[in-house]
Asker: 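Handing you this structure, nothing more for now.
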Amino acid sequence: MLVYLIIIVVAYLLGNISTSYIIGKKLAGVDIRTQGSGNAGSTNVLRTMGKKAGAMTFGGDVLKGLIAVGFARILAHYTNTDELTCAYVAVVFVVMGHNWPAFLGFKGGKGVATSLGAMLGINPVLALICLAVFIVIVAVTKYVSLGSVLGICMSPILMFFVHNPKGIVVTLFLSASVVYTHRANIKRLLNGTERKIGQKK
């Protein structure tokens, strides 16, 4: 039980490391949550601070998800604890830390890049398929939000096909959290008012 508690705390704290907030402060001296859409995520950084800052934010958010799962796997190995269960616990709590960071007043990002990074640590092939779905949808529709939601929502379907019950539960959580954090985007998509990538207004 102590092993799981350690993973929960470490993963959540890793999630609290807001790449967008740090980059906003370091590169522009601003709180990214006061810019653009107000979201502490890579898409908002891309739109308000440019491609370089957006790529750095995306990479940082992916990396912390990957590190959280890697830490959980290593700890599980050295404590003879179920490695996959530990990894899945890390997935859930690193995403929770990113979306609802205690150190930033529980106002974080939408969890897409961090979910991708965490799932890369679980099943790289599955994660890359979801990324490919995201890229195709964004390329065709120019809607980052639509690509994000549909890309993540592919994960429980893929877990079902590889017969992974724990994976289905965790990826359903990821899908639900991404849908929830994108609820305003989904409303705008339905209303036809969602901004396309590259669109200023």
Asker: Please list, chain by chain and in numerical order, all residues satisfying side-chain contact (heavy atoms from CB on, under 4.5 Å) with Phe161, sequence neighbours excluded.
Answerer: Ile157

Asker: Hey, are the side chains of Val178 and Cys153 touching, using non-hydrogen atoms and a 4.5 Å cut-off?
Answerer: no

Asker: Does Asn191 reach the main-chain N or O of Thr193 with its side chain, forming a donor-acceptor pair under 3.5 Å?
Answerer: no

Asker: Taking salt bridge (Lys or Arg N to Asp or Glu O under 4.0 Å) as the cut-off, I'd like each qualifying pair that reaches into residues 160-173, sequence neighbours left out, listed once.
Answerer: Asp82-Lys166

Asker: Does the Thr181 side chain pair with the main chain of Lys110, one donor and one acceptor, at a distance under 3.5 Å?
Answerer: yes

Asker: I'd like to know if the side chain of Tyr4 and the backbone of Thr85 have a donor-acceptor N/O pair within less than 3.5 Å.
Answerer: no

Asker: Which other residues belong to the hydrophobic cluster containing Tyr78, where Ile, Leu, Val, Met, Phe, Trp and Tyr are joined when side-chain heavy atoms lie under 4.5 Å apart, directly or via other members?
Answerer: Ile74

Asker: With heavy-atom distances below 4.5 Å as the criterion, would you say the side chains of Leu84 and Arg73 are in contact?
Answerer: yes

Asker: Suppose clustering is done on Ile, Leu, Val, Met, Phe, Trp and Tyr with side-chain heavy atoms closer than 4.5 Å. Which residues sit in the same group as Leu104?
Answerer: Tyr21

Asker: Check side-chain contact (heavy atoms from CB on, under 4.5 Å) between Thr141 and all other residues, then give those that pass, not counting sequence neighbours.
Answerer: Ile137, Tyr143, Leu146

Asker: Kindly say whether Glu194 contributes a backbone atom to a donor-acceptor pair with the side chain of Asn185 at under 3.5 angstrom?
Answerer: no

Asker: For Gly111, does its backbone N or O pair with a side-chain atom of Thr114 as donor and acceptor, under 3.5 Å?
Answerer: no

Asker: Is there a donor-acceptor pair closer than 3.5 Å between any side-chain N or O of Lys142 and the backbone N or O of Ile197?
Answerer: no

Asker: If you look only at distance, which donor and acceptor atoms sit under 3.5 Å apart when one is on a side chain in residues 89-97 and the other is two or more places apart or in another chain?
Answerer:
none

